[in-house]
Amino acid sequence: MRIILLAGALALAPAQSPQTVHQQFTSGGARTRVQILGQPRNAIFGFGTAGAAAERRVEARFLALPSESRVRNFHRFLTAAPHVAGSPRNAALAEWQRRNWQAWGIDEVEIVRHDVLLPYPQEVRVEITAPQPWRASLKEDPIPGDRDTARDPGLVYLAYSGSGEVTAPVVYAGSGNPENYDWLAAHAIDVRGKIALVRYSVPYSYRGFKALTAQQRGLAGLLIYSDPADDGYGKGKTYPDGPWGPASHIQRGGIPFDFLVPGDPLTPGWASVPGAKRIDPKDAVSIPTIPAVPMSYRDARVILESLDGPEAPAEWRGGLPLAYRVGGGAPTVRMTVKIDSGIREIQTVVGRIRGSERPDEEIILGNHRDAWIFGGVDPSSGSATLMDLARSLGALARAGIRPKRTIVLASWDAEEFTLTSSTEWGEQFADALTRRAVAYINVDSSTSGRRFTASAVPSLNRLITETVRDVRDPASGVSVADAAQRMTSSEGGALPNAAGRDLVNNRLGSGSDYTVFLNFLGIPIVDMSFDGPYGVYHSMYDNHQWVARIGDPGFRYHTAMTKIWGVMALRLANADVLPFDFGAYAKRLDEFSTEVEKRWRDRAGSTGASPFAPVREAIATFASAASALDARQARAIAASGAADRDALNHTLMLVERAWLDPDGIPGRPWYKHQLYAPKFTYAAEILPGPAEAVAAGDDARLAEQCRRLAAAIARASAAISDRVSTR
Ligand SMILES: [Zn+2]
């Protein structure tokens with residue numbers, strides 16, 4: 001899936017401190033090796049002198065392997081036909097991956113199967129019944145010279161939409177966020193029982209949140225369209241002349257409430273293995289009830305032109321040459337949506353390269369395979385990258401260069417529905433993952449342009465920064481890190497991790513397969529991509545030709561991502577002492593806590609002792625434990641004794657687990673991490689327990705949530721300092 005936030009919404013991105021840990025590593029020219037304060041050239045965080053030299057040799061071998069022509073061929077094969085989750089084509093691709101990975105020297109390759117609720121459409125129809133009868137095409141036009149677009153990709157729909165027929169007047173509700181409905185209510189426009197027409201973007205909110213909001217406000221149906229101001233001609237040239245969406249492009253997608261619980265809606269919190277217990281669909285909290293349909297602006301325009309009522313506020317108006325009235329009386333629209341409730345098989349392909357020294361510690365690398373149609377960028381750019389990475393790591397292993405820790409490769413399925421196979425797999429193997437997983441590195445869409453973006457837990461900032469200093473940006477020849485710092489967010493199709501000057505965004509929401517690892521299992525995560533102007537997301541135009549001609553001609557950035565992903569995995573796998581920096585975590589925690597406490601103070605009626613006092617105290621303890629650990633890491637790296645390192649590595653691996661609270665956050669027991677959760681829009685909610693209590697104005701809950709957060713921080717401090725103090 002991957003959250004797409006268009007440039008207009010960047011103002012919403014939270015302000016971040018310009019100061020981050022990685023900025024102390026600023027260095028000069030393109031070929032300059034990382035130079036860390038007090039460390040020799042060629043040093044790598046987590047490695048002693050001998051270890052770093054050996055690692056550099058391994059990386060030099062690895063970096064020669066990724067191939068632009070091979071990644072292009074993988075991409076062409078993956079995108080040759082539509083491969084939605086549950087389809088025969090997507091199952092065939094899983095088999096193709098399994099065979100290739102085996103042939104390339106990946107040790108254990110298996111296909112893990114889950115049976116999950118994957119609704120498919122049977123009938124989707126939108127018509128104006130009065131004043132003038134008209135029927136929406138709900139089709140995307142073929143593009144001359146792009147044969148893929150001549151195929152019939154089937155009915156467009158929104159997965160987990162309700163089924164039914166609704167005939168009602170339409171109201172235009174801007175982005176379909178609560179404040180839009182508040183405005184309508186304030187202007188005496190009754191929306192109950194009507195059909196809302198809303199825009200996808202500006203400000204960005206996840207389409208499932210639009211469905212929930214419409215449902216809560218009493219709407220009977222929902223139409224979501226792509227306005228040209230957001231991802232079409234208002235941004236620039238449209239496909240096939242440029243990257244933006246043409247008139248008929250339609251953004252499909254899922255609309256489940258996976259901000260409440262992701263994965264198969266019928267097995268919330270446990271795995272959909274064959275024969276698993278399933279709840280009744282009507283009891284599933286993540287399934288919307290009202291029908292919803294996605295539309296192009298070419299179709300939506302006809303409805304917008306027929307709307308009566310007053311003109312909408314200026315911010316709601318898009319790029320079409322019309323008045324953008326709010327409606328409420330005319331026109332009358334009939335939506336007919338029939339979606340089945342099929343239980344379908346999905347396949348997760350898992351391959352392991354067994355570690356030579358610590359096989360029970362695992363670095364997991366994942367990408368989803370399923371696409372809404374061809375999946376040019378989303379996800380096949382990432383899938384092609386994963387294929388070339390598997391080939392390259394397999395070649396190293398066959399040459400006798402094994403990682404010290406085990407590297408696991410995963411090709412997820414049904415991510416587009418509700419992060420389904422990663423969630424089911426994570427739930428199924430929760431015990432083993434809790435014991436064995438070092439980190440999870442996600443690449444969903446690897447490449448829609450040239451701007452490197454990364455989101456991660458703060459303890460991995462330094463690993464990411466060092467890695468992208470050692471991989472070259474194909475266009476400029478400087479390091480990927482330097483190139484990323486030079487580019488501004490104005491370049492972008494822009495994801496919501498535009499974090500000022502920070503290279504790594506530490507505000508983690510949701511929208512891809514890292515969610516189960518972070519929020520349910522407490523495993524450190526990274527999520528990365530190269531982004532650029534991209535207006536064809538989840539449409540038929542997101543295909544091989546878009547990528548080959550516009551997104552990444554020459555497939556050079558695909559290959560750069562293969563290198564970054566591989567080097568990062570190898571450093572985690574081979575490190576003498578795991579490259580986790582908890583000092584960075586302490587700093588961010590302090591920043592987050594200050595920010596949420598300020599929201600509490602700024603709220604009317606907040607007086608007296610701050611409920612954040614125990615949190616602040618716990619952070620101070622954590623910060624000093626982290627700096628003691630830092631010194632201990634440096635000593636263990638310098639020493640040669642393996643016993644010391646083993647114990648320390650075990651400690652480092654498990655610190656992230658301390659942030660989990662088995663009860664989860666209020667109302668969302670599946671989301672157990674105390675520092676991160678997605679907002680219902682998918683944006684990041686930092687310190688979700690206290691933050692949501694502040695927003696709700698619930699002081700008793702706030703005190704309780706601050707106590708729980710302080711307890712989680714104390715657990716992390718104890719996890720670190722027990723080990724430090726005993727040595
Ligand atoms: Zn995706």
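Each residue takes its place number in the sequence, starting with 1. Fair warning: this is a prediction, and the values are worked out from it, not measured in the lab. Order of appearance sets the numbers: ligands from 1, and atoms from 1 within every ligand.
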> Is the Trp372-Tyr537 ring centre distance short of 6.0 angstrom?
Replying inline: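 Between Trp372 and Tyr537, the centre distance exceeds or equals 6.0 Å.
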> Do Trp244 and Tyr239 have their ring centres less than 6.0 Å from each other?
Replying inline: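 They do not qualify: ring centres at least 6.0 Å apart.
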Closest [X] atom to the Zn ion (ligand 1) [N, O or S only]:
X: His368; value: NE2
X: Asp378; value: OD1
X: Asp444; value: OD1

> What heavy-atom pair brings Arg450 and Ala475 nearest, and what distance separates the two atoms?
Replying inline: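 Closest pair (atom of Arg450, atom of Ala475, distance): NH1-CB, 3.4 Å.
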> With sequence neighbours excluded, what pairs up with Asp241 under the salt bridge (charged side-chain N to carboxylate O under 4.0 Å, His left out) test?
Replying inline: none
